[in-house]
Amino acid sequence: MKNSERRTACAILLPMKPLFTIHAGEYLVGLHVQKSLKLNAWIPAKDIGIDLLVTDSDNLHAVSLQVKYGKDFLPEMKAELRSPLRCVSWFTLNRAKLDTSQAQFWVFVLQGFKSDAPDFVVIPTAEVQRRMTEIHGSDGGKLQSYFCSTENNQCWETRRLRADDMKQIANGTFEDPARDFTKYLNENGWAAVANKLKS
């Protein structure tokens with residue numbers, strides 16, 4: 001085999017970089033947007049800090065989303081918490097990217113082992129920025145955040161909570177306005193996106 005032929009053969013065997021890649025969370029959000037909300041989902045051709053664009057059925061108005069996907073840690077928790085809780089996911093956020101985010105909403109995807117469908121926490125970006133600063137402070141380059149959804153359709157940010165706090169979340173008696181994300185869970189959160197498309 002000649003050198004030129006050998007180089008050509010090697011080039012053919014090299015892996016090609018895909019033009020577009022999406023992670024599991026982006027796929028689940030896009031699927032939900034199109035099948036359940038009857039809206040359209042688009043992937044930007046360039047990474048500009050926005051993962052998906054959602055448009056109305058006529059493609060006249062758009063809303064931008066930043067999507068985060070987290071692993072479910074509920075199976076590793078105490079047995080007394082596993083029944084009343086639906087999913088507990090851990091997210092690592094880059095504070096600089098959060099503070100300068102151009103997306104209109106952040107979507108946290110909680111794919112639990114207990115249910116077929118994921119939970120979505122859909123929050124306006126300014127509210128994510130405010131809440132994360134209130135809960136975790138403003139220092140550091142990264143934020144470690146735990147979102148927990150419950151079987152009675154509540155949602156809480158639970159990073160650094162005590163065992164007694166988690167028990168209260170499980171039995172529905174916990175109170176902390178900064179950590180209460182219930183109004184952004186599933187239909188409640190998606191309603192804000194739909195309303196934004198109408199404005």
Side-chain angles (χ1 to χ4, degrees), residues 17-34 37 39-56 61-74 87-112 118-149 154-161 176-197 199:
K17 184 178 179 181
L19 184 60
F20 296 105
T21 58
I22 62 172
H23 61 65
E26 293 165 356
Y27 172 78
L28 291 170
V29 169
L31 188 65
H32 181 78
V33 162
Q34 293 184 317
L37 304 181
L39 301 170
N40 297 321
W42 307 86
I43 304 170
K46 182 180 178 181
D47 184 2
I48 54 173
I50 293 170
D51 292 321
L52 293 173
L53 290 174
V54 176
T55 62
D56 57 16
H61 303 93
V63 170
S64 54
L65 307 179
Q66 177 70 38
V67 179
K68 296 295 178 185
Y69 180 81
K71 173 187 173 183
D72 186 12
F73 286 88
L74 185 59
C87 183
V88 179
S89 288
W90 172 26
F91 301 90
T92 299
L93 309 181
N94 182 301
R95 185 180 292 276
K97 289 183 178 179
L98 173 61
D99 291 343
T100 60
S101 176
Q102 298 297 307
Q104 292 167 285
F105 290 84
W106 280 51
V107 182
F108 297 87
V109 182
L110 286 65
Q111 178 66 71
D119 284 318
F120 300 101
V121 186
V122 186
I123 319 170
T125 300
E127 186 66 7
V128 180
Q129 294 165 339
R130 185 187 72 79
R131 294 276 194 110
M132 290 301 165
T133 298
E134 184 174 352
I135 295 168
H136 301 290
S138 56
D139 296 332
K142 289 188 177 180
L143 295 171
Q144 306 296 330
S145 181
Y146 291 175
F147 277 103
C148 167
S149 60
Q154 293 184 336
C155 181
W156 302 90
E157 206 285 350
T158 62
R159 175 73 170 163
R160 294 195 183 94
L161 289 185
D176 186 334
R179 291 181 179 270
D180 186 358
F181 285 78
T182 302
K183 68 184 290 186
Y184 305 110
L185 182 65
N186 295 327
E187 291 83 5
N188 295 330
W190 288 119
V193 172
N195 289 336
K196 191 75 173 177
L197 287 171
S199 62

With side chain to side chain contact (heavy atoms under 4.5 Å, CB included) as the test, would you mind laying out the steps for Leu98 and Gln129 before giving the verdict? CA-CA 7 Å; Leu98 173 61; Gln129 294 165 339; 3.9 Å; yes

Please walk me through it: do Ile135 and Arg179 pass side chain to side chain contact (heavy atoms under 4.5 Å, CB included)? CA-CA 7 Å; Ile135 295 168; Arg179 291 181 179 270; 3.6 Å; yes

Trp190 and Val29: CA distance, side-chain angles, deciding distance, side chain to side chain contact (heavy atoms under 4.5 Å, CB included) verdict: CA-CA 11 Å; Trp190 288 119; Val29 169; 3.8 Å; yes

Please report the C-alpha distance between Ser145 and Glu157 in whole Å, then the side-chain angles of each, then the deciding distance to 0.1 Å, and finally whether the side chain to side chain donor-acceptor pair (under 3.5 Å) criterion is met. CA-CA 7 Å; Ser145 181; Glu157 206 285 350; 2.8 Å; yes

Set out, in order, the CA-CA distance, both residues' side-chain angles and the distance that settles side chain to side chain contact (heavy atoms under 4.5 Å, CB included) for Val109 and Phe91, then state yes or no. CA-CA 10 Å; Val109 182; Phe91 301 90; 5.8 Å; no

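Closest approach of Asn186 to Pro118, counting heavy atoms only: OD1-O, 4.2 Å. Between Val122 and Val193, the shortest heavy-atom contact is CG1-CG2, 3.7 Å. Taking both residues in full, the closest heavy atoms of Gly49 and Ala103 are given as O-CB, 4.4 Å, listed atom of the first, atom of the second, then distance. The nearest pair of heavy atoms linking Leu74 to Asp72 is N-OD1, 3.0 Å. Heavy atoms only, all atoms of each residue included: Leu52 and Gly30 are closest at CD1-N, 4.0 Å. Closest non-hydrogen pair, Gln111 versus Cys87, comes out as C-SG, 3.9 Å.
At most 12 heavy atoms of other shown residues, nucleotides or ligands fall within 6.0 angstrom of atom CD in Glu187. Counted within 6.0 Å of OH on Tyr27, heavy atoms from surrounding residues, nucleotides or ligands total 12 or fewer; the atom is thus considered open.
Within the model, atoms CH2 of Trp156 and OG1 of Thr182 stand 5.5 Å from one another, a figure rounded to the nearest 0.5 Å. Of the inter-residue distances, the one linking Tyr184 atom OH with Phe105 atom CZ reads 9.5 Å to the nearest 0.5 angstrom. A distance of 11.0 Å separates CD of Gln144 from CE of Met132, quoted to the nearest 0.5 Å. Expressed to the nearest 0.5 Å, how far CD1 of Ile50 lies from CD1 of Ile43 amounts to 13.5 Å. Separation of atoms OG1 (Thr100) and CZ (Arg95) is listed at 12.0 Å; rounding is to 0.5 Å. Between Phe108 atom CZ and Ser89 atom OG the span is 11.0 Å, to the nearest 0.5 Å.
Without hydrogens or angle criteria, Asn195 side chain to Ala191 main chain gives a donor-acceptor distance under 3.5 Å. In terms of modelled atom types and a separation under 3.5 Å, the side chain of Arg159 and the main chain of Trp90 share no donor-acceptor contact. Between the side chain of Asp119 and the backbone N or O of Ser149 there is no donor-acceptor pair closer than 3.5 Å.
Counted by atom type alone, Gln66 and Thr125 present zero donor-acceptor pairs between their side chains at under 3.5 Å.
Under the 30°/60° scheme for interplanar angles, the aromatic rings of Phe120 and His32 are found to be tilted. By the 30° and 60° cut-offs, the orientation of the rings of Tyr69 relative to His23 is tilted.
With respect to the salt-bridge test (charged N to carboxylate O, under 4.0 angstrom), the residues Arg130 and Glu127 qualify.
The shortest distance between side-chain heavy atoms of Ser64 and Leu53 falls below 4.5 Å.
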